[in-house]
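Reading through the structure tokens given below for one structure.
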Amino acid sequence: MKGIVSTLLLLSTLLSLVSCQDERAQFYESKIFAGGVVASADDLNKGRRIYQEYCMACHGVKGDGQGVASKGLVPPPRNFTLGLFKFGKVPSGELPHDSHLKNIILNGLNGTGMLPWDLKEKQLFQVVQYIKTFAPKAWEGKDKKLGKEIEVTKDPYGMAHKKSAIERGKFVYHMQAQCQACHRGYATKQEMDTWSMKTDGSNFEMDKEFYKIKLQDSEHGYQAIPVDFTWHFVRSAKTVEDLYVRIASGVGGTSMPAWIDTLSTDDIWAVAHYVKSLIDIKNTPQRKKLIDSLK
């Protein structure tokens, strides 16, 4: 990771020295973006310089994700010209709020080339507004609406009822939401049969793909890899609350839907606790024990 960081910082520095290659014109007028956010020409020009210094190496001069450092990065850097964002706190497909984009810049995305950047509040505002200019059809104009922000309800389980939350979440994950349709399954055939008998009186028909992750088409121009929670990084979530938000809002431009209108908030919390329990066994003997039990 240290090598990647050094390489990206070097590329950022070099690109800042050759920023004259950026053919985008200076801004001379203010712009109004979705949600009525107004950015002055001065803010946009300063945002442009911040972008050139910190973002252009990966996201490219044109904001299309084709920067000189993008080669070999998995997942590829975001293509801002699409106006699509994966990790807003709004239902997938809707425009995120500035605070969501600032949070990603400040904290980065786990397991990706998107590093945390130590920018001041004013700099964050300026670079976020500049990024919006890559997708004017999505962002610019008084008529553009931001998505409805996901409300984080009180966790009905908490630490006191964590075990019951995980048990409920495991059932919801496999039987109600059927998350294994994209992600992999983590329940045994016997568990699936037991739940299925209680649900419709029949044994569960388990296909050979049940324990595999399934590549999914996305609107980002490449196939998305659904996370194996015991192995991969969950890019936008570390805590149970983070996972609640991600399950409720989905992942923009991918097959991960917003579950806020499909599952109850209690069940979303339960799945969040269950997924966190899977994340917590990464690189532990418990993971091997679980995986061995599924063969």
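The shown structure was predicted, so the numbers you read here are calculated from the model rather than taken from an experiment.
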*asked:* With clusters defined by side-chain heavy atoms of hydrophobic residues (ILVMFWY) lying less than 4.5 Å apart, directly or transitively, does L263 cluster with Y157?
replied: yes
*Mind telling me whether F171 and W195 have parallel, tilted or perpendicular rings, with 30° and 60° as the class edges?*
perpendicular
_Beyond-backbone contact of K86 with L109, side-chain heavy atoms, under 4.5 angstrom_ = no
*Where the side chain of K189 meets the backbone of F204, is there a donor-acceptor pair that is under 3.5 Å apart?*
yes
*Go through the side-chain N and O atoms of T112 and R235 and say whether any donor and acceptor fall under 3.5 Å apart.*
no
*Answer yes if the side chains of D42 and S40 hold a donor-acceptor pair under 3.5 Å, and no otherwise.*
no
*Looking only at atom types and distance, does a side-chain atom of H97 sit under 3.5 Å from a main-chain N or O of G147, one as donor and one as acceptor?*
yes
*Heavy-atom neighbours of F233 CZ exceed 12 at 6.0 Å*: no
_Joint hydrophobic cluster, V251 plus V152, side-chain heavy atoms closer than 4.5 Å_ = yes
*Any donor-acceptor pair under 3.5 Å linking the side chain of H232 with the backbone of V227?*
no
*Is L84 reachable from F80 through a run of hydrophobic residues whose side-chain heavy atoms are each under 4.5 Å from the next?*
no
*Where do D98 and Q129 land on the side-chain hydrogen bond (donor to acceptor under 3.5 Å, both in side chains) test, with the steps shown first?*
CA-CA 8 Å; D98 283 5; Q129 307 318 314; 2.8 Å; yes
*Under 6.0 Å from the CG atom of D143, do we count more than 12 heavy atoms belonging to anything else shown?*
yes
*Enter the distance from S70:OG to H59:NE2 here, rounded to the nearest 0.5 Å.*
10.0 Å
*Pairwise side-chain contact, V90 with L95, heavy-atom cut-off 4.5 Å (strictly under)*: no
*M197 side, atom CE; N203 side, atom CG - distance, nearest 0.5 Å*: 6.0 Å
_Quick check against the 3.5 Å criterion: does K214 have a side-chain atom that pairs as donor or acceptor with the backbone of H183?_
yes
*Does a side-chain N-to-carboxylate-O contact under 4.0 Å join K145 and E94?*
no
_Does I279 form a side chain to side chain contact (heavy atoms under 4.5 Å, CB included) with T230? I'd like the steps, not just the answer._
CA-CA 5 Å; I279 294 171; T230 69; over 6 Å; no
*Hphob cluster co-occupancy, L215 + F210, side-chain heavy atoms under 4.5 angstrom*: no
*asked:* Are M256 and C182 packed together at the side-chain level, in the sense that at least one heavy-atom pair is separated by less than 4.5 angstrom?
replied: no
*Do H100 and E149 come within less than 4.5 Å of each other through their side chains, counting heavy atoms only?*
yes
_Closer than 3.5 angstrom, by distance alone: can the side chain of K144 be matched with the main-chain N or O of E140 as a donor-acceptor pair?_
yes
*asked:* For K46, is there any backbone N or O sitting under 3.5 Å from a side-chain donor or acceptor partner on Y51?
replied: no
*Determine, using the 4.5 Å side-chain heavy-atom cutoff (strictly less than), whether L82 and M56 are members of one ILVMFWY cluster.*
no
_With no hydrogens and no angle check, just 3.5 Å: does a side-chain donor-acceptor pair link S277 and D280?_
no
*Measure from the side-chain N and O atoms of H220 to the backbone N and O of G252, and report whether any donor-acceptor pair falls under 3.5 Å.*
yes
*Flag side-chain contact, heavy atom, 4.5 Å: L146 against W139*: yes
*What distance do I281 atom CD1 and L290 atom CG have between them, rounded to the nearest 0.5 Å?*
4.5 Å
*Donor-acceptor pair, D193 side chain versus Q190 backbone, under 3.5 Å?*
no
*Just one of L124, I105, V127 clears the side-chain contact (heavy atoms from CB on, under 4.5 Å) bar with W117, so which one?*
I105
*asked:* For L119, is the CG atom crowded, meaning more than 12 foreign heavy atoms sit under 6.0 Å from it?
replied: yes
_Taking the ring centre of each residue, are W269 and Y244 less than 6.0 Å apart?_
yes
*Could you give me the CA-CA distance, side-chain angles and deciding distance for R184 and I291, then say whether side chain to side chain contact (heavy atoms under 4.5 Å, CB included) is met?*
CA-CA 11 Å; R184 58 164 298 166; I291 299 303; 3.7 Å; yes
*Rounded to the nearest 0.5 Å, what separation is found between the CZ atom of F27 and the OH atom of Y130?*
5.5 Å
*asked:* Using a 6.0 Å cut-off, check whether atom NZ of K162 has over 12 heavy atoms from anything other than its own residue.
replied: no
*If we ignore angles and hydrogens, is there a donor and acceptor under 3.5 Å between the side chains of Y186 and D228?*
yes
*State, yes or no, whether a side-chain contact exists between K71 and Q66 at a heavy-atom distance under 4.5 Å.*
yes
_How close do M192 and M175 get, counting heavy atoms only, and between which atoms?_
CE-SD, 3.6 Å
*Are I104 and F87 close enough, and set up right, to give a side chain to side chain contact (heavy atoms under 4.5 Å, CB included), and what steps lead you there?*
CA-CA 8 Å; I104 292 174; F87 304 124; 4.0 Å; yes
*What are the two closest non-hydrogen atoms of N107 and P116, and how far apart are they?*
C-CB, 3.8 Å
*Shortest non-hydrogen contact from H174 to A187?*
NE2-N, 3.3 Å
_Would you say that E209 contacts Q180 through its side chain, given a criterion of any heavy-atom pair below 4.5 Å between the two side chains?_
no
_From Q26 atom CD to N45 atom CG, the distance as rounded to the nearest 0.5 Å_ = 4.0 Å
*Side chains of K289 and Q286, donor plus acceptor under 3.5 Å*: no
_Ignoring hydrogens, what is the shortest heavy-atom contact between A258 and S92? Give both atom names and the distance._
N-OG, 3.8 Å
*At what distance, to the nearest 0.5 angstrom, does CD1 of I247 lie from CG of D267?*
10.5 Å
*asked:* Does Y54 form a side chain to side chain contact (heavy atoms under 4.5 Å, CB included) with L115? I'd like the steps, not just the answer.
replied: CA-CA 10 Å; Y54 295 103; L115 306 173; over 6 Å; no
*Of all the heavy-atom pairs spanning L243 and V234, show the shortest one and how long it is.*
CD2-CG1, 4.2 Å
*So, for G88 and S249, which heavy atoms are closest and what is the spacing to 0.1 Å?*
O-OG, 3.5 Å
